[in-house]
Amino acid sequence: MTAKISYDEVEVGTELPARSFPVSRATLVRYAGASGDFNPIHWNEKFAKEVGLPDVIAHGMFTMAEAIRVVTDWAGDPGAVAEYGVRFTKPVIVPNDDTGALIEVSAKVAAKLDDDARTVRVDLTATSAGKKVLGMSRAVIRLA
């Protein structure tokens, strides 16, 4: 697979389609099983509160993975991601109710990096409950 977006057709400032990702306690349990990360702060409310958290929190790597989906969906190929990094700034708090949490992600092309490699830098913004949950969230994408 290759990216479906052409480097020549992308301009700095291009906004990618924003997305919202719901997160429930069931989502966290499924992610824990897939990742092998069974830290009780991600599923046990009593334990999470005992260690000073307001409630159960989503796995940081889960949050990071959900955010990059905005970019991979836009590019049309997960393999187009050449680099990706974030700083975890705030946890995604997931209450035990019918709603859970919502991770809201927007992104835009911040720079065209290399004409020969056909790469762009995409800056992402990820929030939950009105708070920025990922900082310095950037990806380098190789386009068609």
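A donor-acceptor distance shorter than 3.5 angstrom exists from the side chain of Lys112 to the backbone of Val10, with no hydrogens or angles considered. Between the Tyr84 side chain and the Met64 main chain, a donor and an acceptor come within less than 3.5 Å of each other. With Thr89 contributing its side chain and Lys132 its backbone, the two residues share a donor-acceptor pair below 3.5 Å. Remark: the backbone N or O of Gly130 is not paired with any side-chain donor or acceptor of Thr127 at under 3.5 angstrom. No side-chain donor-acceptor contact under 3.5 Å links Arg118 to the backbone of Arg142. In terms of modelled atom types and a separation under 3.5 Å, the side chain of Trp43 and the main chain of Leu28 share no donor-acceptor contact. Under the 3.5 Å distance criterion, the side-chain polar atoms of Thr63 are matched with a main-chain donor or acceptor of His59.
Every residue two or more places apart in sequence or in another chain that forms a side chain to side chain contact (heavy atoms under 4.5 Å, CB included) with Pro22 is listed here: Leu102.
Expressed to the nearest 0.5 Å, how far CG of Leu16 lies from CD1 of Ile5 amounts to 8.0 Å.
Using a 4.5 Å cut-off on side-chain heavy atoms (C-beta onward), Trp74 and Val109 make contact.
A salt bridge links Glu45 to Arg25: at least one charged side-chain nitrogen sits closer than 4.0 Å to a carboxylate oxygen.
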CA sep, side-chain torsions, deciding dist, call: Tyr31, Asp37, side-chain hydrogen bond (donor to acceptor under 3.5 Å, both in side chains): CA-CA 8 Å; Tyr31 182 81; Asp37 181 353; over 6 Å; no
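Val51 forms part of a hydrophobic cluster together with Ile41, Phe47, Leu53, Ile57, Ile93, judged by ILVMFWY side-chain heavy-atom separations under 4.5 Å.
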